[in-house]
Amino acid sequence: MPTRQPTRIRPRRTAGDLAAGLGALVVLVALVGGVPYALLRLAGPPLSPELLHLNLLTSQVGTSMIVAILVLLVWLAWLQLTVCVIVEIYAGLRRVGMPARVPFSGGTQMLANRLVSAVLLLFTVSAVVVPIVRPTATPAAPATAAASVTTPEPEERAPLVHVEKARKVYVVQPPHGRHHESLWEIAEKCLGDGRRYPEIYRLNQHKEQPDGSRLHMADLIRPGWVLDMPDDARNVHIVPASQPRGETLEDHPGKPAELDGHTQDISAKGGSDLPGEAREEAGGGGENRGEARRPADSREESADSGRREPYRTKDQGQEQSQDQGRDQGQQQGLELLDYLAGASLAAAGLLAALGRRRRQQLWHRAFGRRIARPKDDAAKAEVALRLGADAPGSRMLDIGLRLLGRSLAAQKRIPPTIYAAHLSAQSLDLWIHPPVAEAPAPWSAHDGGQVWKLPAHEGRMLDERALSEAPAPYPGLVSLGSNGEGRVLVDLEAAHGLISLDGPRSTEALAALAVELATNRWSDLMTVTLVGFGEELTVIAPDRVRHVATLAELLPELEARAAERGQGGDVLTGRIQGRAAEPIWPPHYVLSALVPNEEEGHRLAVLARKGVRTAAGYVVAGKVPHATWNWEVTEDGRAKVDALGFEVDAQLLPRRHYRALIDLFETAGRLDGEPMSDRPEPVPANASVEVRVLGPVEIAGPSPMEEGRATLAVELVVYLATHPGGVHPVVLGGVLWPRGVQAAVRDATIARVVDWLGTDGAGRPNLYADEAGRFRLGPEVRTDWMVFRDLVRRSHTDSGVRAVLLERALNLVRGPLLNGRPRGRYAWLADDDLEYDVTAAVADAAHRLCDIRIEEGDGGRAVAAVRAGLLLAADDEGLWRDLLRATHLTGDQARLRTVVEALSRRAAAQPGGSGMAPETEALIDELLPSWRMRSAPSA
């Protein structure tokens, strides 16, 4: 491979530039140094004796006075110019980008800018770059260089020096008229598809820009920002990877250079300057798994110049559009991930509520159809919830608080005021005021009783069933945000007064509070009233949430209730003694997005302060003069509580995320269902690798992989096996690493799996990249799901062996889909047909086989068929009804009673007490009329 020699760039300064620089230097010296010297020699100091006279305002204005004033004005003009020169020199030497603006110095600063720029040009040195060549079939060395478009001359070669990697950037342009650039437009211009804007957002999120601000929201970018771009971007600048953004802005203030109205061919200038994974995009060529790519023909060039869609082929249009949509969907999910996955406790509550909705959908699922699947943002929202949900933490918080309440009640102790809590992987900490030195076991007191701590290992050992009936002592605890080590929660009741929530993102914070209060598991009977926002949240929790339009509508009701309740006793003491189970005075929390007027604020403050301990909390937007606590949520998402001294990353729910959650629950409320996807695919007769997903995930064939890498490798194989059309590596990276990953890590993982799966009987790799760049599994890789569908499909056409085929299909089912998958993995199932199709198909196959056996009068084999389906589709209540009918056919009443009791226990154990479908209860009444009497004592 030929060595690329560095070349000294020819200086771009002309004799005119040098003359202008020298002239500017003389002018600057004269203005900055000569003017004050002349003033001091000819006119004296800035403040002459005439201006310091005591009778200045009353004496007659003479010639000397006018001259003194004019001299002062000249001194002020000189001072203004000097400040402008200092600012411009600082900006030029430190390369901070756009210089700071000196007030009231428009023309003066412009003059200083031109003079300083001309002077600095005298001291600019030439740069060293590597000649840029097209990549050849031989893999290029990883060395990269600072980019330049100047053509080097061979006779000016210099010794080889160390050069650095390059990156692609885009400078956001100033507005044209009223039109401002957006990330969508930049993605459309540079990546070929506006839907790829989340890639740019993710690359630049929270990075400081030349003006000192940062990118926090995808729809808020400013002119002069320097945006890092993906490796396949075009119409961009190529700069050294370590170059500061301010320096980049100074070097490239305008649009990228264009040739004849078209974008410059980066392949002619930047191919070898980019990291290995970017070369093929920048130069139209490169390497793919160690093999040289063929020269780009017209078809490849057309595809690459658009948006790099290597999976676009002539006869795969529909599948390619699905792949592209999945790719863009993964990128669009990144913004949702930032908020929804971070709200770990709210995510756990939302998933539990969603599960209840899904069980109700299964009550109405028709044979041959699946329950409705969320799409677009709703599906991305569920992916984020699955990734971020902290179900163990939510459980420990719930059971730990219930245990605390029960233990205090047993000791007849007054419960302490818990104004905040901190939940981490190590412990649950309650912050007590005033301090209490003794905490009931397994809680322990620390810092003189200011903190009560429950270690995580103790919390995991608590008996959830034994504490399920214990009242929830602190239902007003709600997440404020995260401090980097865990979740910080505050108790709305502990304020003993009104809480004001101020700041530009207060509504987003209120929405997050509302969602968590509506779905958390550490609250019992409660009501959350939302004022002026959140009407749609009744879809998520209709039993807890209600909406009113104005405070004027709500206040009379609250005052009437307060008058009826009176001062009473200690509400919290009564709650932990068990009286919270009585629905007389359930906790009530008011969240208002409307700023109250003076009268409404006073009335709310009086309501909030009534009683020693109130089973209520009031949070209102805006600054309220009578507030006990003042919260502030800043533009950059920080939450501050003055009274508590907290400052955390706020838990927020922006409008788009809020809308996605509503869409998700509205979809879960659809009872009509939808057709199952059916894409026939050939089943290989001989398999060198078999992927089993209908139960615990297994990869049969290759030798075991080392434990630390097996989890990710298995998930990669499962995803490819269930997407036989092939998957682009970018999409695969977004699936396996939803929070992002470096291309080198992604490619190394894929290469490792290629080696692990090996080759088939014909010597072909079991994992390979096709001509379009998508990764596929070889023809001798099959899944049990593929075999299952083939057997079921054949059972529809061959009635003679229908039962045998269905039985063989159900014998493949070993348990729940991908059972035992690690927490936080396989979240992509929420945005995929697989989970919905598998559950419905297995339930339908079991139902069909059960009907066949019942027609034959074989109750035992009918029971076996249903139980095979229940291994995977345990929540499908239609199968439980089939089991009841099949068991009744056996004539064994004891066995039937056992099934009924198991179904009753399962229904009672469901979060939220969703119970059984009315149709199921009616069937049990018909088959076993005495079941209610036997279950009454346990209820």
Side-chain angles (χ1 to χ4, degrees), residues 333 336-337 339-365 370-395 398 479 511-512 514-523 528 534 536-545 651 653 656-674 738 816-818 821 823-824 826-840 873-877 906-907 909-915 917:
L336 290 168
L337 198 65
Y339 291 96
L340 294 178
S344 55
L345 297 178
L350 285 164
L351 285 181
L354 188 63
R356 293 193 291 271
R357 291 297 183 88
R358 295 264 168 83
R359 284 189 291 275
Q360 292 178 2
Q361 282 183 299
L362 288 171
W363 292 356
H364 301 273
R365 188 185 72 86
R370 69 187 187 191
I371 63 174
R373 182 175 86 78
K375 304 292 194 305
D376 303 324
D377 271 2
K380 304 302 179 297
E382 186 174 351
V383 170
L385 294 178
R386 293 192 185 192
L387 281 170
D390 184 10
S394 179
R395 175 192 177 276
D398 176 33
S479 294
V515 167
E516 186 170 303
L517 284 171
T519 59
N520 73 55
R521 57 176 289 175
W522 56 89
S523 302
V528 181
E536 305 91 338
L537 284 180
T538 55
V539 174
I540 296 178
D543 56 331
R544 284 192 180 186
V545 177
Q651 181 167 293
L653 190 61
R656 179 188 172 196
H657 310 69
Y658 172 87
R659 185 66 253 174
L661 288 180
I662 299 303
D663 290 345
L664 176 61
F665 276 82
E666 287 178 345
T667 302
R670 286 176 49 194
L671 304 180
D672 54 340
E674 58 190 18
L817 177 68
L818 298 169
R821 55 184 182 263
R823 178 188 168 199
Y826 297 87
W828 51 266
L829 288 170
D831 192 18
D832 198 275
D833 291 332
L834 180 66
E835 190 173 56
Y836 299 87
D837 284 342
V838 168
T839 304
D875 286 333
D876 195 309
E877 206 152 315
R906 181 178 181 82
Q910 298 292 351
S914 54

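Residue numbers run from 1 in the order of the sequence given. All figures in this text were calculated on a predicted structure; none of them were measured in a lab.
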Do E536 and Y658 pass the side-chain contact (heavy atoms from CB on, under 4.5 Å) test, and can you show the C-alpha distance, the side-chain angles, and the key distance before you say yes or no?
CA-CA 9 Å; E536 305 91 338; Y658 172 87; 2.7 Å; yes

Going through the distances and angles, do I371 and T839 end up as a side-chain contact (heavy atoms from CB on, under 4.5 Å)?
CA-CA 10 Å; I371 63 174; T839 304; over 6 Å; no

Show the numbers, then the answer: is there a side-chain contact (heavy atoms from CB on, under 4.5 Å) between V515 and L350?
CA-CA 8 Å; V515 167; L350 285 164; 3.7 Å; yes

side-chain contact (heavy atoms from CB on, under 4.5 Å) for L345 and W522? Distances and angles first, verdict last.
CA-CA 11 Å; L345 297 178; W522 56 89; 4.0 Å; yes

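To the nearest 0.5 Å, atom CZ of residue R358 and atom OH of residue Y836 are 3.5 Å apart. To the nearest 0.5 Å, atom CG of residue L354 and atom OG1 of residue T519 are 11.0 Å apart.
Between the side chain of Q360 and the backbone N or O of L671 there is no donor-acceptor pair closer than 3.5 Å. Looking at E674, its side chain never comes within 3.5 Å of a backbone N or O of R370 through a donor-acceptor pair. Side chain of R544 to main chain of L517: a donor-acceptor pair is present (N/O by atom type, distance under 3.5 Å, no hydrogens or angles).
Note on E666 versus R659: salt bridge recorded, some NZ/NE/NH1/NH2 to OD/OE distance being below 4.0 Å. Classification of K380 and D663 as a salt-bridged pair fails, no side-chain N sitting under 4.0 Å from a carboxylate O. The pair R373-D831 meets the salt-bridge criterion, with a side-chain N (NZ, NE, NH1 or NH2) lying under 4.0 Å from an Asp/Glu carboxylate O. Residues E835 and R821 are paired through a salt bridge, judged by an N-O separation under 4.0 Å between the basic side chain and the carboxylate.
Under the 4.5 Å side-chain criterion, counting only non-hydrogen atoms from C-beta, L537 is not in contact with V528. Between R359 and D875 the shortest side-chain heavy-atom distance falls below 4.5 Å.
Shown are D377, L664, L829; of these, the side chain to side chain contact (heavy atoms under 4.5 Å, CB included) with E382 is made only by L664.
Q361 and R670 get closest at one heavy-atom pair: NE2-O, 2.9 Å. In terms of heavy atoms, R823 sits closest to A389 at NH2-O, 3.2 Å. Closest approach of A830 to A379, counting heavy atoms only: O-CB, 4.0 Å. Looking at every heavy atom in both residues, A346 comes nearest to Q651 through CB-NE2, 4.1 Å.
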